[in-house]
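Before any comments, here is the structure.
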Amino acid sequence: MLGRVKESRTWNLGCLQKAFTDRCSQCAAVSWGLTDEGKYYCTSCHNVTDRSEEVVSTAVIPNTKINSISRGLRQRSKHEKGWDWYVCEGFQCILYHQAEALETLGVSPELKNEVLHSFWKRYLQKSKQAYCKNPVRTSGRKAKVLEDNLQSSDWGSDFELLSDTTCPPESGAEFQSDSQTPKPFPATKRSSKSASVCSGSVDGVEYSERKEKGLLKMTVPRTLALCYLSLLWQRETITLSDLLRFVEEDRIPYINAFKVFPEEMKVYGRDKGIFAVESWPDYEDIYKNMIEVAVFLDLPRFPDITEDCYLHPNTLCMKYLLEVNLPEEMYTLTCQVVKLTGIGEVDFLTFDPIAKMTRTVKHDVQAVAVIVLVLKLLFLLDDKLEWSYSDLAEAYNEGHKEETPQFDFRKWYQVMKKTFDEKRRKWEEARAKYVWKTKRPLYRSHIDKSVAYKRREMVENLQKQFSALIGSAPEVERQAPSSFQLNWTGEDTGSPCFHGHSLQGLLISKGQALITKNSLYWLSTHKFCKSYCKHVTTYEESNFSLSYQFILNIFSFLLRIKTSALHEEVSLLEKKLFEKKYNESKRSSRSKKVRRH
């Protein structure tokens with residue numbers, strides 16, 4: 001056994017001597033060892049040279065006496081060095097996992113394998129990162145992208161890196177090669193501060209500093225925009241508000257999406273500003289990004305949204321009527337409003353990014369605005385008429401218990417307020433308890449790596465101790481994903497369902513048609529802002545009735561939008577429906593100005 005140890009030590013010493021055979025400048029001996037920094041030192045006189053060598057394995061360390069001279073070599077973990085990866089590869093990994101999540105939610109596999117795949121390839125070509133004759137270069141090196149993975153059906157499952165981006169020319173007009181000379185990223189002089197900032201990705205620093213006119217840089221919010229563009233192209237049964245809600249429920253990767261990266265893809269430094277997202281997605285922001293991405297990609301007209309599509313206002317109106325526990329008979333009135341305003345026409349609903357006058361429609365917000373308008377037509381929502389109608393409905397229901405009950409606005413308000421307050425309370429608690437920091441901490445450089453992991457470990461220990469002190473709360477079983485947030489037809493709901501209630505007391509017959517008993521109406525906005533303003537109208541709660549505020553609050557919560565955004569959509573819809581009334585108000589205001597002069 002002793003002989004084997006001597007043989008091993010002699011072989012290790014022989015390997016080092018073979019690698020470095022110079023004589024020591026102090027004692028002229030040829031007997032070298034390695035310090036933990038990878039530098040050669042003389043085992044006879046312990047003289048350390050400037051010559052160094054990177055040691056991956058501790059098998060070449062001659063003996064344990066080195067530990068008495070230095071701290072010893074730290075054995076590197078399997079994935080310590082990691083891959084050489086590029087920013088576009090990180091976004092592709094996020095997109096792939098988002099598409100996988102959508103597929104588990106019931107979306108057709110074509111969205112991942114065909115639509116989103118094509119959109120991503122088109123973006124890489126338009127941004128000159130791949131699929132063009134001369135892709136952009138970063139620091140004199142070709143950008144590595146996953147073209148092989150893109151060309152396969154599962155375009156990110158293996159997630160292997162390539163050594164080149166040159167793509168064979170493709171036939172057709174979809175992806176045309178760029179004949180221009182390659183353009184490097186704009187060279188910018190870095191300050192001493194920015195020069196010390198590293199990144200796990202090869203081009204993290206260059207990507208964050210890249211500024212070109214007409215370039216749309218990919219961001220994590222824009223990955224969601226690409227997903228929604230794919231859903232819109234496929235005319236899937238997921239609206240933008242549903243997509244954002246699924247993100248909130250952690251069903252779709254978005255918050256700190258770098259968690260889905262393979263262990264070999266190290267994320268630190270500048271990568272944090274690119275991939276780390278610690279805020280909830282905003283409806284207006286994602287919608288704006290969706291339009292920008294569609295225009296940048298120069299996408300053609302999307303498939304027509306016809307009356308049999310889920311995104312048609314008639315279908316969405318029925319969905320949201322059931323969602324907020326309103327009578328199904330209101331569906332007839334919503335269909336009439338859709339027809340009179342023309343918002344159900346194919347050309348109005350279909351998205352066309354390359355049209356001269358690009359028209360964009362927020363399908364879910366528009367459908368909810370139709371329901372709010374119908375409620376104003378029926379009840380006026382002035383904090384007076386709706387309650388007087390409720391007294392009549394209550395008296396009728398007391399005397400006709402065996403017949404179909406009439407819709408009682410007051411009773412509906414009480415049920416909805418209780419349910420809405422409870423739902424909002426749980427939502428706020430879930431947001432307050434959300435853990436933003438991941439188990440995979442981000443750090444500025446490899447120097448800060450150990451500190452970051454120690455801090456994360458300390459936080460986790462404190463959380464465990466705190467949980468032990470307060471007692472472990474029972475884990476709530478995660479519900480299955482659904483398009484409906486509120487359920488009124490289940491056996492364990494405990495709340496009355498108003499779907500089958502009648503509008504008999506609110507409508508009167510006029511010939512063969514039915515019209516609303518209420519003949520009054522107040523406009524949500526009398527004067528719109530000018531065209532150069534960012535918004536078309538303003539919303540101040542103190543200027544509107546409590547019942548109107550309550551209805552806006554319910555729908556804006558369900559859609560995860562601002563109340564002012566829904567009020568604006570209602571105002572625009574009223575402008576279409578009461579065009580004559582708006583024209584008369586304009587004429588009267590003009591005449592007043594003339595009289596004053």
Within 6.0 angstrom of K217 NZ, more than 12 heavy atoms from elsewhere: yes
Sequence-distant partners of Y283, ring-ring contact (aromatic ring centres under 6.0 Å, His included), two or more places apart: none
Any residue meeting salt bridge (Lys or Arg N to Asp or Glu O under 4.0 Å) with D347, in chain and number order, not counting sequence neighbours: R301
Straight-line distance of I238 CD1 to S230 OG, nearest 0.5 Å: 11.5 Å
Residue list, salt bridge (Lys or Arg N to Asp or Glu O under 4.0 Å) with K417, at least two apart or on another chain: D421
Partner residues of F275 under the ring-ring contact (aromatic ring centres under 6.0 Å, His included) criterion, sequence neighbours left out: W85, F91, F261
Non-hydrogen side-chain atoms of V324 and I551 separated by less than 4.5 Å: no
Closest contact, heavy atoms only, P313 versus I343: CG-O, 3.8 Å
Inter-residue atom distance H97.NE2 - I252.CD1, 0.5 Å rounding: 13.5 Å
Modelled atom types, side-chain donor and acceptor of Y548 and H567, under 3.5 Å: yes
Closest non-hydrogen atom pair, K126 against D298: NZ-CB, 3.9 Å
By salt bridge (Lys or Arg N to Asp or Glu O under 4.0 Å) - contacts of E428 (at least two apart): R424
Side-chain heavy-atom pair L299, F119 within 4.5 angstrom cut-off: yes
Which residues share a side-chain contact (heavy atoms from CB on, under 4.5 Å) with E345, sequence neighbours left out: F348
Close side-chain approach of P353 and F302, heavy atoms under 4.5 Å: yes
Which residues share a salt bridge (Lys or Arg N to Asp or Glu O under 4.0 Å) with D364, sequence neighbours left out: none
Heavy atoms of other groups near K319 NZ, more than 12 under 6.0 Å: yes
Residue pairs fulfilling salt bridge (Lys or Arg N to Asp or Glu O under 4.0 Å) with at least one residue in residues 226-242, sequence neighbours excluded: D242-R245
Beyond-backbone contact of V372 with L573, side-chain heavy atoms, under 4.5 angstrom: no
Donor-acceptor pair, side chain of T419 and main chain of M416, under 3.5 angstrom: no
Side chain proximity check, L224 to M290, heavy atoms < 4.5 angstrom: no
Interatomic spacing from OG1 in T563 to CG in N553 - rounded to 0.5 Å: 4.5 Å
Results of side chain to side chain donor-acceptor pair (under 3.5 Å) for E284 - residues two or more places apart only: K362
I286 backbone acceptor or donor facing Y228 side chain under 3.5 Å: no
Closest contact, heavy atoms only, V570 versus S524: CG1-OG, 3.8 Å
Any V260 side-chain heavy atom under 4.5 Å of Q98 side chain: no
Audit row: I554, L552, side-chain contact (heavy atoms from CB on, under 4.5 Å) steps and yes/no: CA-CA 6 Å; I554 289 179; L552 288 188; over 6 Å; no
From CA spacing to verdict: salt bridge (charged side-chain N to carboxylate O under 4.0 Å, His left out), R425, E429: CA-CA 6 Å; R425 182 186 64 80; E429 286 181 358; 2.8 Å; yes
Partner set under side chain to side chain donor-acceptor pair (under 3.5 Å) for Y287, not counting sequence neighbours: T360
Sequence-distant partners of F557, ring-ring contact (aromatic ring centres under 6.0 Å, His included), two or more places apart: F420, W427
Test item: Q485 side-chain N/O and L558 main-chain N/O as donor-acceptor pair under 3.5 Å: yes
Verdict with supporting geometry, V295 and L216, side-chain contact (heavy atoms from CB on, under 4.5 Å): CA-CA 10 Å; V295 173; L216 191 72; over 6 Å; no
Exam field: side chain R251 to backbone A101, donor-acceptor pair closer than 3.5 Å: no
From E209 atom CD to R270 atom CZ, the distance as rounded to the nearest 0.5 Å: 5.0 Å
Sidechain-backbone polar pair: D271 side chain, G204 backbone, donor-acceptor under 3.5 Å: no
Of T239, L349, L240, the residue whose pairing with H363 passes side chain to side chain contact (heavy atoms under 4.5 Å, CB included): L349
Any donor-acceptor N/O pair, N487 side chain to T489 backbone, under 3.5 Å: yes
Partner residues of Y434 under the ring-ring contact (aromatic ring centres under 6.0 Å, His included) criterion, sequence neighbours left out: W280, W436
No-hydrogen, no-angle side-chain donor-acceptor test under 3.5 Å, D308 and T306: yes
Reported OG-to-CE distance for the pair S201 and M265, which is rounded to 0.5 angstrom: 8.5 Å
Which atom of N314 lies closest to which atom of Y331, heavy atoms considered: O-CE1, 3.1 Å
Minimum heavy-atom distance between P481 and F246, given as atom pair plus value: CB-CE2, 4.1 Å
Approximate separation, where rounding is to 0.5 Å, of E569 CD and Q366 CD: 6.0 Å
Side-chain (S495) to main-chain (W488) donor-acceptor, under 3.5 angstrom: no
Y207 side-chain N/O to C88 backbone N/O, donor-acceptor pair under 3.5 Å: no
Beyond-backbone contact of C317 with C335, side-chain heavy atoms, under 4.5 angstrom: no
Closest approach of M218 to Y123 (non-hydrogen atoms, all atoms of both residues): N-OH, 2.8 Å
Any donor-acceptor N/O pair, D203 side chain to Y86 backbone, under 3.5 Å: no
Any donor-acceptor N/O pair, E323 side chain to L486 backbone, under 3.5 Å: yes
Worked check of side-chain contact (heavy atoms from CB on, under 4.5 Å) between N325 and C497: CA-CA 6 Å; N325 203 10; C497 178; 3.9 Å; yes
Any P496 side-chain heavy atom under 4.5 Å of V415 side chain: yes
Sole residue of L326, V370, L559 in side chain to side chain contact (heavy atoms under 4.5 Å, CB included) with Y320: L559
Step-by-step side-chain contact (heavy atoms from CB on, under 4.5 Å) determination, E328 to L321: CA-CA 7 Å; E328 296 177 0; L321 285 173; over 6 Å; no
